[in-house]
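Model, not experiment: these values are computed from the prediction.
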Amino acid sequence: MKDTILLENMVFYGFHGVYEYEREQGQRFYVDAQIHADLSEAAKTDKLTDTIDYTMIYSQIKDVMENQRFQLLEAVGGHIAELILKTSIATDVTIRIRKPAVPIPGPLNFVQVEISRSK
């Protein structure tokens, strides 16, 4: 069974990037978290203790995005995915991070990194 909780298009202001000016000035990042777990017990009991508390997941992601600094989106996504797996009943997680302001000399909407991890 693969039930899904999806937190989509969360917006955070962070200081991630390879270049010093990115880590000094910061910018907006857009994050999706797709979390799979067996939620059948929660469906029966209607108790928060039997599921994934997505307010806690949001807080964890917010803390990483706003209070920690990474050069690579791959590192940010990997860190978030491992944190969710370690602190919840999630069996697998996919994190998508979009960065609209990238140092690429051409028009584009954003760069996105997608990281998937499982227990």
Side-chain angles (χ1 to χ4, degrees):
M1 183 178 309
K2 200 174 223 187
D3 302 316
T4 305
I5 293 176
L6 178 62
L7 285 78
E8 192 170 59
N9 216 33
M10 297 173 279
V11 182
F12 303 104
Y13 197 89
F15 298 86
H16 312 288
V18 171
Y19 299 104
E20 188 175 328
Y21 73 86
E22 294 178 293
R23 293 188 306 275
E24 287 177 0
Q25 296 172 8
Q27 66 172 289
R28 283 195 178 108
F29 293 86
Y30 301 85
V31 181
D32 302 334
Q34 183 174 334
I35 305 163
H36 294 119
D38 181 353
L39 304 177
S40 58
E41 189 64 23
K44 290 181 217 168
T45 65
D46 196 29
K47 291 183 181 178
L48 181 59
T49 55
D50 293 328
T51 190
I52 294 172
D53 181 349
Y54 37 86
T55 59
M56 181 190 75
I57 298 297
Y58 179 89
S59 295
Q60 289 175 323
I61 295 170
K62 179 179 172 62
D63 180 57
V64 172
M65 292 304 298
E66 294 182 350
N67 298 319
Q68 298 183 39
R69 292 182 186 216
F70 293 88
Q71 289 190 41
L72 302 177
L73 296 180
E74 295 85 341
V76 182
H79 185 79
I80 291 169
E82 294 296 335
L83 182 61
I84 291 170
L85 288 172
K86 185 171 71 173
T87 61
S88 73
I89 64 168
T91 57
D92 56 277
V93 176
T94 298
I95 302 297
R96 291 177 203 86
I97 303 173
R98 289 176 297 287
K99 181 177 180 178
V102 292
I104 293 177
L108 74 151
N109 289 336
F110 54 82
V111 168
Q112 176 174 287
V113 169
E114 179 174 306
I115 301 291
S116 296
R117 300 286 183 270
S118 59
K119 285 186 176 173

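Closest approach of Ala37 to Ile52, counting heavy atoms only: CB-CD1, 3.7 Å. Closest of all the heavy-atom pairs between Ala75 and Phe70 is CB-CD2, 3.7 Å. Nearest heavy atom pair, residue Phe15 against residue Phe29, reads N-CE1, 4.4 Å.
In this structure, His36 NE2 and Ile89 CD1 are separated by 13.0 Å, a value rounded to the nearest 0.5 Å. Summarising the geometry, atom CD belonging to Gln68 is positioned 8.5 Å from atom CD1 belonging to Ile80; distances are rounded to the nearest 0.5 Å. To the nearest 0.5 angstrom, Asn67 atom CG is 8.0 Å from Lys62 atom NZ. Atom-to-atom distance recorded for Ile61:CD1 and Tyr54:OH is 14.0 Å, nearest 0.5 angstrom. Here the CG atom belonging to Leu85 is positioned 7.5 Å from the CG atom belonging to Asp92, to the nearest 0.5 angstrom. Taken to the nearest 0.5 Å, the OG1 atom of Thr51 stands 8.5 Å off from the CG atom of Asp3.
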Residues 102-117, side-chain donor-acceptor partners within the protein, below 3.5 Å, at least two apart:
residue, atom, partner, partner atom, Å
Gln112, OE1, Arg98, NH1, 3.2
Glu114, OE1, Arg96, NE, 2.9
Ser116, OG, Thr94, OG1, 2.9

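Here the side chains of Asp38 and Thr91 are not in contact, with every heavy-atom distance at 4.5 Å or above. Taking 4.5 Å as the limit, every side-chain heavy atom of Ile95 sits out of range of all side-chain heavy atoms of Asp32.
The hydrophobic clustering, which links ILVMFWY residues whose side-chain heavy atoms are closer than 4.5 Å, places Leu6 and Ile97 apart. Note on Leu48: it does not cluster hydrophobically with Leu39, by side-chain heavy-atom contacts below 4.5 Å among ILVMFWY residues. Criterion: ILVMFWY side-chain heavy atoms under 4.5 Å apart, direct or through other members. Under it, Ile35 and Met10 are part of a common hydrophobic cluster. If you chain together hydrophobic residues whose side chains sit under 4.5 Å apart, Leu73 and Tyr30 never meet in one group.
Shown here are the side chain to side chain contact (heavy atoms under 4.5 Å, CB included) partners of Thr87, two or more places apart in sequence or in another chain: Met56, Gln60, Leu83.
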Start with the C-alpha distance between Ile5 and Ile57, add both sets of side-chain angles, then the distance that settles side-chain contact (heavy atoms from CB on, under 4.5 Å), and finish with yes or no.
CA-CA 10 Å; Ile5 293 176; Ile57 298 297; over 6 Å; no

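Surrounding CG of Asp46 are at most 12 heavy atoms belonging to other residues, nucleotides or ligands under 6.0 Å away. At most 12 heavy atoms of other shown residues, nucleotides or ligands fall within 6.0 angstrom of atom CZ in Arg28.
Under a 3.5 Å cut-off, the side chain of Lys119 and the backbone N or O of Ala90 do form a donor-acceptor pair.
Evaluation of the side-chain hydrogen bond (donor to acceptor under 3.5 Å, both in side chains) test over residues 12-27, restricted to residues two or more places apart or in two chains, returns Glu22-Lys99.
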